[in-house]
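I have placed the structure first, in the form of structure tokens, so that the comments after it can refer back to it.
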Amino acid sequence: MDKLLVYGQQKLMGKIPISGAKNAALPLFAASLLTSEVLTLHNVPPLSDIATMAELLTCLGTHYKSDNLSRDEMTVHLQADHVENLVAKYELVKKMRASILVLGPLLARYGHCRVSAPGGCAIGVRPIDLHLKGLEAMGAVFELQDGYIDAKAPHGLNGAVFEFPIVTVTGTENLLMAATLANGTTTLINAAQEPEIVDLAECLISMGAEISGHGTSTITIKGCGELHGATHKIISDRIEAGTYALAAGISGGDVELVGENLSSLLPTFLETISRIGLDVTPTEAGLRVRSTGSLQPIDITTAAFPGFPTDLQAQTMAILCLANGVSNIWENIWENRFIHVAELHRMGANITVSGAHAQIKGVQQLTGAQVMATDLRASFSLVLAALSAKGETLIDRIYHLDRGYCNVTEKLADCGVCVQRVRG
Ligand code: EPU
């Protein structure tokens, strides 16, 4: 397993190109199953999760072609004109839970499919009951057999009114995609409002779907008989942008994040890091984020968009470890998303966790150590801590990092920071 060696006390100075959003790309790949024509996606990030989704679609029978436009960006052509195998197998679903995104499109287009039930993962139990309840409201029937969800829509899917009891991002995406091919109109109430949902809806509209209200909590979809091919450019990855903003802040650096609409993608986060003491200014190409020397403590509660994103919680905790006082974080989305705390302790952090609450007492200095990445976002929190620390840090299990951050060593090197991938 590869490791990452990070030399401490290095400042990020320069420009970071922000890649396309992983969590927008994954549902967009699944949306290709809704038509027999070609869906072309620009600004696809070269990540291992994207490769897993491509493998899943290929196993189903989709034609997949990718052109590497640059180090950080691919254009991908997907054509689901010969889907014969309607089974999403365990080996792929267990690798990446977002595989569940093929359920809605397959059911809507073919009337049946078999998708491995995704298990839990490090950050939480991660049920999919709301995906299933929503599709049931549209006429689907599910049976669990041998760890697989056998899905059928004997009379096709029909439009329905479905209210999510809690906001779910991929749940909203699954129903949104399924509803585009259903008979009649579907209304999704208490739908997720994340920018990735808006991006998916925009792409579906360019494929011929009739959708309104995306970006608000009520989405209306008028089902139509079929969708056609389209070309779509994926939005910038707001979580990658936020992560590198924190890298500038924790290292005492000054970076320009180059990407589109970053301010509107990260409203609460940018306001929060300004209160921590980072200077954030919009530029023509994106955002400039600069350390002002001191870090202030702050209280954060994670929430669905437009609230503070859970996917930036671990990384923000790393910077708060060095703030001048006591900070508090309440993690409201995932029940087990403080696993990085034990690793930050090994680097000298002073954090106390009680249930969904973490109290972080700022320390003067973190120190390098051997640590282990436990999930995707947690792994970058360790990179951030390591950048500020005294001495070297060796981070094990960085396959987690590769799932969602592309070309980390190269992007950091562009900003004058040396980290080394140790093959193993
Ligand atoms: N939930 C249910 N039942 C469901 C679905 C969700 O109880 O049927 C609960 C979950 O247990 C959780 C909450 O609802 O407590 C929100 O979960 P959600 O369904 O929104 O999460 P997700 O769609 O599985 C996406 C992102 C995650 C991100 C969350 C929250 C993708 C592929 N994944 O997951 O991203 O943390 O939304 O914003 O879009 C990451 O990129 O590191 C990552 C984990």
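Each ligand, and each atom within it, is numbered from 1 in the order the structure gives. Keep in mind the model is a prediction, meaning the values are calculated, not measured.
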Check your understanding: G404: heavy atom below 4.0 Å from ligand 1, yes or no?
Key -> no

Review point. Does ligand 1 have an atom under 4.0 Å from some heavy atom of E173?
Key: no

Study note, to complete from the structure: Shortest non-hydrogen pair, N43 vs I234, comes out as ND2-O, 2.9 Å

Check your understanding: N/O to N/O below 3.5 Å, does that happen between T310 and ligand 1?
Key -> no

Check your understanding: Below 3.5 angstrom, do we get any N/O pair linking N23 and ligand 1?
Key -> yes

Check your understanding: Which residue pairs pass the side-chain hydrogen bond (donor to acceptor under 3.5 Å, both in side chains) test with at least one member in residues 368-385, sequence neighbours excluded?
Key -> R377-Y405

**Study point:** Within-shell test, D49 vs ligand 1, heavy atom, strictly < 4.0 Å
**Key:** no

Check your understanding: Strictly by modelled atom types, are E136 and H131 linked by a side-chain donor-acceptor pair under 3.5 Å?
Key -> no

Point to revise | Selected option - heavy-atom contact closest to atom 1 (N) of ligand 1, from L312, I166, I197 | key: I166

Review point. OG of S32 to NE2 of H77: how many Å apart, nearest 0.5 Å?
Key: 13.0 Å

Check your understanding: Below 4.0 angstrom, N of the basic side chain to O of the carboxylate: do R275 and E271 qualify?
Key -> yes

**Study point:** ligand 1 N/O within reach of R97 N/O, cut-off under 3.5 Å
**Key:** no

**Study point:** Contact with ligand 1 for R337, non-hydrogen, under 4.0 angstrom
**Key:** yes

Review point. To the nearest 0.5 Å, how far apart are NE2 in H214 and OG1 in T172?
Key: 13.5 Å

**Study point:** Short side-chain donor-acceptor distance under 3.5 Å, E331 and T310
**Key:** yes

Exercise for review: Return a yes/no value for G171: is any of its N or O atoms, backbone included, closer than 3.5 angstrom to an N or O of ligand 1?
Suggested key: no

Point to revise | Rounded distance [0.5 Å steps], OG1 in T180 versus NZ in K222 | key: 14.5 Å

Exercise for review: Would you tell me which option among V169, L376, D375 has the nearest heavy-atom contact to atom 18 (P) of ligand 1?
Suggested key: V169

Review point. Do ligand 1 and E335 have nitrogen or oxygen atoms that lie under 3.5 Å from each other?
Key: no

